[in-house]
Asks: 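To start, I am sharing the structure in question, which I have written as structure tokens.
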2 protein chains.
Amino acid sequence: MARNCRFAVAVHITAVLALHRDTPATSDWIAGSVNTNPVVVRRILSALAKAGLVTSQRGIAGGSFLARDPEDISLLDLYRAVDEQEAQALHHQPPNPKCPVGAHIVPVLVDILTKAETAKEKELGRISIGDVAAAVKARAAA
Amino acid sequence: MARNCRFAVAVHITAVLALHRDTPATSDWIAGSVNTNPVVVRRILSALAKAGLVTSQRGIAGGSFLARDPEDISLLDLYRAVDEQEAQALHHQPPNPKCPVGAHIVPVLVDILTKAETAKEKELGRISIGDVAAAVKARAAA
DNA sequence: CTAATTGTAATTATACTAGTTACAAATATT
DNA sequence: AATATTTGTAACTAGTATAATTACAATTAG
């Protein structure tokens with residue numbers, strides 16, 4: 001249990017919200033679809049709320065809504081809200097500065113990893129929750 | 001200590017090998033540059049050898065070499081050799097098939113993650129170990 | 001007032017990681 | 001042939017991130 005699946009769950013949650021825009025969805029109900037504990041859902045909803053992507057309401061008729069139209073929420077928004085910094089890791093210990101390679105490899109690596117991460121994020125930015133909801137709907141109809 | 005830095009170390013190791021093509025580099029020597037334990041280096045060298053990127057020789061004059069020209073080894077080669085499948089994780093437990101979203105979200109997610117991962121890998125494929133070695137050299141000279 | 005719901009802290013079990021020790025297998029040098 | 005050095009791996013350890021779970025205060029509709 002060491003692999004981060006928060007992004008996948010965030011996409012799932014927001015897809016549910018996109019398909020139920022009229023009534024608030026409770027964390028318990030969403031958890032039933034995701035097949036996990038409601039607290040796990042609330043934690044991710046909390047991160048999404050901090051990013052302004054969803055709103056939640058306490059109380060007996062409470063639950064969560066998308067804060068914007070599904071077409072105006074990209075997967076990159078979710079990714080950033082939830083994964084904080086998924087960037088590939090650098091050295092655990094700083095390399096040896098007395099070796100020419102050790103002394104200069106880190107900024108070179110940072111440059112490489114930034115390029116790779118940027119390409120990935122660009123793809124995620126092209127897809128909206130609306131697209132995801134439509135894809136789910138299309139598969140359900142088929 | 002849960003973040004994977006094998007790719008970063010693999011780039012470091014192969015950069016060292018690219019700048020010392022004439023003599024074999026021992027895992028002990030490389031470990032001194034990376035600032036880690038020689039066994040960690042040997043483990044990564046072993047993965048690279050399985051992918052045909054380096055060759056190693058045992059014995060008193062042993063050590064490792066690049067198996068190809070640095071320009072012919074891409075960072076994608078290293079990434080694949082070392083990270084096996086770094087792809088972003090899906091749900092921990094399979095979602096609820098009785099919910100329309102739960103029943104159809106997984107293939108949609110796979111499609112999304114594949115696109116994102118492919119974009120990242122395309123970037124890594126554009127960069128060679130030769131490029132990395134040149135960048136390190138340039139910084140060392142500056 | 002009551003019941004239902006969110007928000008969050010605390011705890012737990014699991015798994016992955018790098019680091020480390022240990023040692024057999026291989027090999028160049030003498 | 002003997003020796004010293006190096007790789008290749010297995011086994012183990014400590015540290016840490018993760019999801020799941022329990023618990024409970026705060027909020028709110030009816």
Side-chain angles (χ1 to χ4, degrees), chain A residues 1-10 12-13 17 20 23-32 34-51 54-65 67 82-96, chain B residues 1-10 12-13 17 20 23-32 34-51 54-65 67 82-96:
Chain A
M1 191 181 304
R3 204 150 200 96
N4 183 333
C5 59
R6 288 194 293 266
F7 175 70
V9 174
H12 189 147
I13 291 173
L17 295 181
H20 292 267
T23 55
T26 68
S27 64
D28 204 67
W29 195 84
I30 300 173
V34 176
N35 190 21
T36 185
N37 192 290
V39 174
V40 172
V41 172
R42 292 207 285 268
R43 271 201 287 251
I44 292 180
L45 281 169
S46 172
L48 299 181
K50 270 171 196 152
V54 305
T55 58
S56 299
Q57 203 164 23
R58 295 179 167 191
I60 197 168
S64 299
F65 290 98
V82 143
D83 264 318
E84 300 150 38
Q85 66 111 339
E86 156 71 13
Q88 196 117 33
L90 291 176
H91 296 62
H92 204 223
Q93 298 293 118
N96 182 355
Chain B
M1 191 183 305
R3 203 149 201 96
N4 182 334
C5 61
R6 287 194 292 265
F7 175 69
V9 174
H12 189 146
I13 291 173
L17 295 182
H20 292 268
T23 56
T26 68
S27 63
D28 203 67
W29 194 83
I30 300 173
V34 176
N35 189 21
T36 185
N37 191 290
V39 174
V40 172
V41 172
R42 291 207 287 267
R43 270 202 287 250
I44 292 180
L45 280 170
S46 172
L48 299 181
K50 270 171 196 151
V54 304
T55 58
S56 299
Q57 202 163 24
R58 295 178 167 190
I60 198 167
S64 299
F65 290 97
V82 143
D83 266 318
E84 298 150 39
Q85 67 110 336
E86 157 71 14
Q88 197 118 31
L90 292 177
H91 296 62
H92 204 224
Q93 298 292 117
N96 183 354

Asks: For the pair made of NE2 in A:His92 and C1' in C:dG19, what is the distance, rounded to whole Å?
Replies: 10 Å
Asks: If I take atom OG from residue A:Ser27 and atom CD1 from residue A:Ile44, how far apart are they, to the nearest 0.5 angstrom?
Replies: 12.0 Å
Asks: Counting C-beta onward and ignoring hydrogens, is there a side-chain heavy-atom pair between B:Leu17 and B:Ile30 closer than 4.5 Å?
Replies: yes
Asks: First locate atom CG of A:Leu45, then atom OG of A:Ser56, and finally report the distance between them rounded to the nearest 0.5 Å.
Replies: 5.0 Å
Asks: Do the side chains of A:Pro24 and A:Gln57 get nearer than 4.5 Å, heavy atoms only?
Replies: no
Asks: To the nearest 0.5 Å, what is the distance between CG (A:Asn37) and CZ (A:Arg43)?
Replies: 8.0 Å
Asks: Does B:Asn35 reach the main-chain N or O of A:Gln93 with its side chain, forming a donor-acceptor pair under 3.5 Å?
Replies: no
Asks: Would you indicate, yes or no, if C:dT8 has its OP1 or OP2 atom less than 4.0 angstrom from a side-chain nitrogen or oxygen of A:Ser46?
Replies: yes
Asks: Whole-Å distance between C:dA18 P and B:His12 NE2?
Replies: 15 Å
Asks: Could you tell me how far apart B:Arg6 (CZ) and C:dG19 (C1') are, to the nearest whole angstrom?
Replies: 13 Å
Asks: Between B:Ile13 (CD1) and D:dT7 (P), how many Å, whole number?
Replies: 11 Å
Asks: Could you tell me how far apart B:Gln93 (CD) and C:dT14 (P) are, to the nearest whole angstrom?
Replies: 13 Å
Asks: Can you tell me how far P of C:dT6 sits from CZ of A:Phe65, to the nearest Å?
Replies: 11 Å
Asks: For nucleotides 22-30 of chain D, give me one character per nucleotide, 5' to 3': B if any protein heavy atom sits under 4.0 Å from the base, S if the only such contacts are to the sugar-phosphate, - if neither.
Replies: BB--BBBB-
Asks: In terms of the nearest nucleotide of DNA chain D, which residue is placed more toward the 5' end: A:Thr36 or B:Thr26?
Replies: B:Thr26
Asks: Could you state the atom-to-atom distance from CG of B:Leu45 to P of D:dT6 in whole Å?
Replies: 14 Å
Asks: Whether B:Ser56 contacts D:dT6 is assessed here as follows: a side-chain N or O lying under 4.0 Å from the phosphate OP1 or OP2. Is that the case?
Replies: no
Asks: Looking at A:Arg43 and D:dA20, is any side-chain donor or acceptor paired with a base atom of the opposite kind under 3.5 Å?
Replies: yes
Asks: How many angstroms lie between atom CZ of A:Arg42 and atom CG of A:Asp28, to the nearest 0.5 angstrom?
Replies: 8.0 Å
Asks: Rounding to a whole Å, what distance do you find between B:Ile44:CD1 and C:dG19:C1'?
Replies: 12 Å
